[in-house]
Amino acid sequence: MLEFNKIWGELAVLEVKKALNIRQLGNKEKLPMDLLLLADPSREMVMAYAKRGECYVAEFEGKVIGVYILLAARPGIVELANVAVAKEHHGKGFGKRLVLDAIQRAGRKGFKSIEVGTGNSSISQLALYQKCGFRISGMDRDFFVRHYDEAIYENGIHCRDMVRLSLDLEETTCKG
Ligand code: COA
């Protein structure tokens with residue numbers, strides 16, 4: 001029974017892999033704001049970095065269910081500025097697919113390193129990024145206190161600090 005469940009699980013993952021289409025959003029297409037706001041409650045900040053970055057969307061069964069934004073930050077360094085999956089599709093492996101796609105794309109574009117930032121309270125996001133090969137590189141203390149009007153709470157933790165993570169694209173080992 002255990003073996004059957006394992007094989008069934010692997011087949012389900014393969015089906016999802018086949019069915020997910022990740023592509024760059026066209027210039028004239030509307031930003032999936034509902035998704036972007038799941039990752040960042042500030043519409044103003046989202047609009048600002050979306051304008052400067054490249055937006056990628058993930059389509060599943062004809063619907064946009066995921067998004068990420070890549071933003072050239074400094075020479076050779078790109079930032080994964082936002083990543084989000086529609087709530088009804090959480091926990092199916094789509095978030096990991098998006099992060100791995102962003103890493104691969106950034107590597108193909110010739111960036112040396114990819115960075116991401118998340119809140120000190122974002123436990124599952126910290127897990128996801130580290131499972132994709134990111135390592136903690138620093139912390140911006142009180143970032144969320146300085147930049148957001150409303151206090152943010154997640155997992156019962158006050159989100160105050162921005163944990164910075166980075167991944168060296170020249171020595172990436174994570175295959176997903
Ligand atoms: N401990 C250990 N691992 C954990 C974990 C925990 N507490 N919580 C999640 N994970 C792991 C999962 O096990 C999985 O790894 P695995 O495939 O090796 O088992 C991985 O993290 C992510 O799972 P996945 O199903 O791909 O994630 P998802 O599709 O639910 O998407 C987000 C993840 C973060 C994109 C999604 O929850 C989301 O859109 N959240 C709102 C927006 C957001 O917060 N964006 C990030 C801003 S920094």
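One-based numbering, in listed order, for ligands and for the atoms of each.
Taking every non-hydrogen atom of Thr118 and a distance limit under 4.0 Å, the qualifying atoms of ligand 1 come out as 48 (S). Counting atoms of ligand 1 from 1 in the listed order, those under 4.0 Å from a heavy atom of Lys92 are 25 (O). Applying the 4.0 Å criterion to heavy atoms of Gly93 picks out, from ligand 1, the atoms 24 (P), 25 (O), 26 (O). The atoms of ligand 1 that sit less than 4.0 Å from any heavy atom of Ala127 are 1 (N), 2 (C), 3 (N), 4 (C), 5 (C), 6 (C), 10 (N). Atom numbering of ligand 1 starts at 1 in the shown order; those under 4.0 Å from a heavy atom of Lys96 are 16 (P), 17 (O), 18 (O), 26 (O). For ligand 1 and Leu128, the ligand atoms under 4.0 Å from any heavy atom of the residue are 20 (C), 21 (O), 22 (C), 33 (C). With ligand atoms numbered from 1 in the order given, ligand 1 contributes 46 (C), 47 (C), 48 (S) to contacts under 4.0 Å with heavy atoms of Tyr129.
The residue from Cys132, Ala84, Ala58, Ser124 that puts a heavy atom closest to atom 9 (C) of ligand 1 is Ser124. Counting heavy atoms only, Leu38 comes closest to atom 41 (C) of ligand 1 of the residues Val163, Leu35, Leu38, Leu36. Scanning Gln125, His89, Gln130 for the heavy atom closest to atom 34 (C) of ligand 1 points to Gln125.
Between Glu88 and Lys63, the shortest heavy-atom contact is OE2-NZ, 4.4 Å. Here the shortest heavy-atom pairing between Met45 and His147 reads CE-CB, 4.2 Å. Between Phe111 and Leu169 the shortest heavy-atom distance is O-CD1, 3.2 Å. Considering all non-hydrogen atoms of both residues, Val46 and Leu37 come closest at CG2-CD2, 4.4 Å. Nearest heavy-atom pair across Ser42 and Tyr148 is CB-CE2, 3.5 Å.
The protein heavy-atom contact nearest to atom 36 (C) of ligand 1 is His90 NE2, 3.4 Å. Ranking the protein heavy atoms by distance from atom 13 (O) of ligand 1 puts Lys131 NZ, 3.2 Å first. Regarding atom 39 (O) of ligand 1, its nearest protein heavy-atom neighbour is Val85 N, 2.8 Å. For atom 30 (O) of ligand 1, the nearest non-hydrogen atom of the protein is Gly91 N, 2.8 Å. The protein heavy-atom contact nearest to atom 45 (N) of ligand 1 is Val83 O, 2.7 Å.
Protein non-hydrogen atoms do not reach within 4.0 Å of atom 23 (O) of ligand 1.
Contacts with ligand 1 closer than 4.0 Å are made by no heavy atom of Arg97, backbone or side chain. Neither the backbone nor the side chain of Tyr68 comes within 4.0 Å of ligand 1, counting heavy atoms alone.
In this structure, Val57 and Ile22 have side chains that are not in contact, with every pair of non-hydrogen atoms separated by 4.5 Å or more.
Here's the thing with Gly95: one of its N/O atoms is less than 3.5 angstrom from an N/O atom of ligand 1. Looking at ligand 1, you won't find any N or O of Ile123 less than 3.5 Å from one of its N or O atoms.
A perpendicular orientation is assigned to the rings of His89 and Phe94, their planes being inclined by more than 60° (bins at 30° and 60°). Aromatic ring pairs are classed by plane angle as parallel below 30°, tilted from 30° to 60° and perpendicular above 60°; the pair Tyr56 and Tyr68 is parallel.
A donor-acceptor pair shorter than 3.5 Å can be found between the side chains of Tyr49 and Asn82. With no hydrogens or angles considered, no side-chain donor-acceptor pair links Ser137 and Glu115 at under 3.5 Å.
Contact annotation: Ser122 has no heavy atom less than 4.0 Å from any atom of ligand 1.
Applying the 6.0 Å contact sphere to CD of Glu44 captures no more than 12 heavy atoms from other residues, nucleotides or ligands. Within 6.0 Å of atom CE in Met33, more than 12 heavy atoms from other residues, nucleotides or ligands are found, so the atom counts as buried in its surroundings.
Distance CD/Gln125 to OG1/Thr118: 5.0 Å, rounded to 0.5 Å.
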